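Quick one: this structure, given as structure tokens, is what I'll be asking you about.
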2 protein chains.
Amino acid sequence: MDQIDRWIVRALQKDGRMTVTELADKVGLSPTPCARRLERLQRDGVITGYSATVDPAKLGLSVSIFVSVELEKQDRAAVDAFEQAIRRCEEVMECYLMTGSRDILLRVVAADLTAFDAFLENRLMKIPGIRNLRSNFALRTMVRRDTLPA
Amino acid sequence: MDQIDRWIVRALQKDGRMTVTELADKVGLSPTPCARRLERLQRDGVITGYSATVDPAKLGLSVSIFVSVELEKQDRAAVDAFEQAIRRCEEVMECYLMTGSRDILLRVVAADLTAFDAFLENRLMKIPGIRNLRSNFALRTMVRRDTLPA
DNA sequence: GGTGAAAACAGATGCAT
DNA sequence: ATGCATCTGTTTTCACC
């Protein structure tokens, strides 16, 4: 991972559909070594995929809700089981294991509060081992960035 | 936005580098109307861009920290000013205006706790109008999804 | 890492349905 | 609004320096 690799990663985060030719031009390399580097970055798991960025509101998913989950047990097995279960919930866009009381933090997207309520009742609360939940609603997304700092 | 449009959006979230030809094949359309639909989806702001998905750890950015910010004033002007300032912080990957006490929630990425401390001191706390901060650390990212639910 | 070739492919256009 | 066929331009890939 030298400076050129970082540049490639940065450029492809800004425009994931850029061709290798354009990319090579942008980083000051000829297409061949640029393609070789890109291949290596993908193979090494630095770049794990490519995705279209979509406006959730345009899909009718205008609310984000952060849910703090406290598990009854906080050992490895309990956390693993929860992870497997939460992975199947498509509404959960992000899930973090937090420090402190080993809380788990979710960001959930939903069409509206009714839909979120349905998610809580039918999906989240069906997962065993949850001691309690606390939901916090986002009024608005102020910033969303998909390019990591240099 | 009919069913085919949703399918296009879904497919491009899963693979943002898919060509129009592949996409057309996948949604059961010929390339021409498929390209037209894609153009429209981009023009209407449903698809706002394309991005490579990068493993932050491979770039040495292994920690995510959630920071709750409470502003001194909570009026429109104060929130706007904060938004302008926070937009310039590359470490801030997400920023939400929350309900309740009109708290603001940030997700910040950093190399380690030292780097995060530097961010707090030199960047975040330089922004005027902040009453207090509360940081919560993520031990681990359990789930990250970039495809919105169908 | 660079160069040049060839082959493959995608994207655009025009017209018909 | 979709589909088909063609055409043009570009990209990717290869062998080799």
Side-chain angles (χ1 to χ4, degrees), chain A residues 1-62 111 144-150, chain B residues 1-61 90 111 144-150:
Chain A
M1 278 290 293
D2 60 9
Q3 210 50 45
I4 296 179
D5 285 329
R6 291 181 188 277
W7 203 344
I8 291 175
V9 169
R10 244 189 118 62
L12 284 175
Q13 282 181 110
K14 281 203 287 194
D15 177 9
R17 274 177 97 82
M18 189 179 290
T19 63
V20 175
T21 312
E22 285 176 294
L23 187 62
D25 193 54
K26 189 147 293 193
V27 304
L29 239 54
S30 70
T32 311
C34 185
R36 278 201 277 256
R37 278 170 181 267
L38 179 53
E39 211 173 336
R40 185 174 46 77
L41 288 167
Q42 291 173 153
R43 188 163 28 78
D44 293 351
V46 179
I47 293 175
T48 57
Y50 299 88
S51 178
T53 306
V54 174
D55 181 348
K58 293 277 165 67
L59 256 51
L61 296 165
S62 27
R144 150 146 293 129
R145 193 188 298 278
D146 40 33
T147 305
L148 291 161
Chain B
M1 279 291 291
D2 59 10
Q3 209 52 43
I4 297 178
D5 286 329
R6 289 181 189 278
W7 204 343
I8 290 175
V9 169
R10 245 188 118 63
L12 283 175
Q13 281 180 110
K14 282 203 285 194
D15 177 9
R17 273 179 97 83
M18 188 178 291
T19 63
V20 175
T21 313
E22 285 175 295
L23 187 62
D25 194 53
K26 189 148 295 194
V27 304
L29 238 53
S30 72
T32 314
C34 185
R36 277 201 276 261
R37 278 169 182 267
L38 178 54
E39 209 174 337
R40 201 194 66 237
L41 288 168
Q42 291 173 153
R43 190 162 27 79
D44 294 352
V46 179
I47 294 175
T48 57
Y50 300 88
S51 179
T53 307
V54 174
D55 182 348
K58 293 277 167 65
L59 256 51
L61 296 164
E90 288 201 312
R144 149 145 294 129
R145 192 188 297 279
D146 41 34
T147 305
L148 292 160

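Please read all numbers here as calculations on a predicted model, not as lab measurements. Worth knowing before you read on, the calculation uses all heavy atoms, side chains too, and leaves out hydrogens, waters and symmetry mates. All chains are named by letter (A, B, ...) in the order of the sequence lines, taking the proteins before the strands, and each is independently numbered beginning at 1.
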Using a 4.0 Å cut-off on protein heavy atoms (strictly under), produce a 5'-to-3' string for nucleotides 2-17 of chain D with B for base contact, S for backbone-only sugar-phosphate contact, and - for none. BBB------SS-B---

Just by distance, do the side chain of B:Thr48 and the backbone of A:Thr53 share a donor-acceptor pair under 3.5 Å? yes

Taking atom C1' of C:dA10 as reference, at what distance in whole Å does atom CD of B:Glu39 sit? 15 Å

May I have the step-by-step check of side chain to side chain contact (heavy atoms under 4.5 Å, CB included) for A:Leu41 and A:Met1, ending in yes or no? CA-CA 9 Å; A:Leu41 288 167; A:Met1 278 290 293; 3.6 Å; yes

Rounded to whole Å, CG of B:Leu38 lies from P of D:dA1 at a distance of 15 Å

Side-chain contact, heavy-atom cut-off 4.5 Å: B:Glu90 with A:Thr147? no

Rounded distance [0.5 Å steps], CG in A:Asp25 versus CE in A:Met18: 9.5 Å

Going by heavy atoms in the side chains, are A:Tyr50 and A:Gln42 under 4.5 Å from each other? yes

Compute the angle between the rotation axes at the two ends of the helix from C:dG1-D:dC17 to C:dT17-D:dA1, each taken over five pairs, rounded to 10 degrees. 40°

Set of side-chain hydrogen bond (donor to acceptor under 3.5 Å, both in side chains) partners for A:Asp5, sequence neighbours left out: A:Arg37, A:Arg40

Within the 4.5 Å heavy-atom criterion, are B:Leu12 and A:Val54 side-chain neighbours or not? no

Specify the separation, in whole Å, of atom CG of A:Leu23 and atom C1' of C:dG1. 15 Å

Is there a side-chain contact between A:Asp55 and B:Val46, using heavy atoms and a 4.5 Å cut-off? no

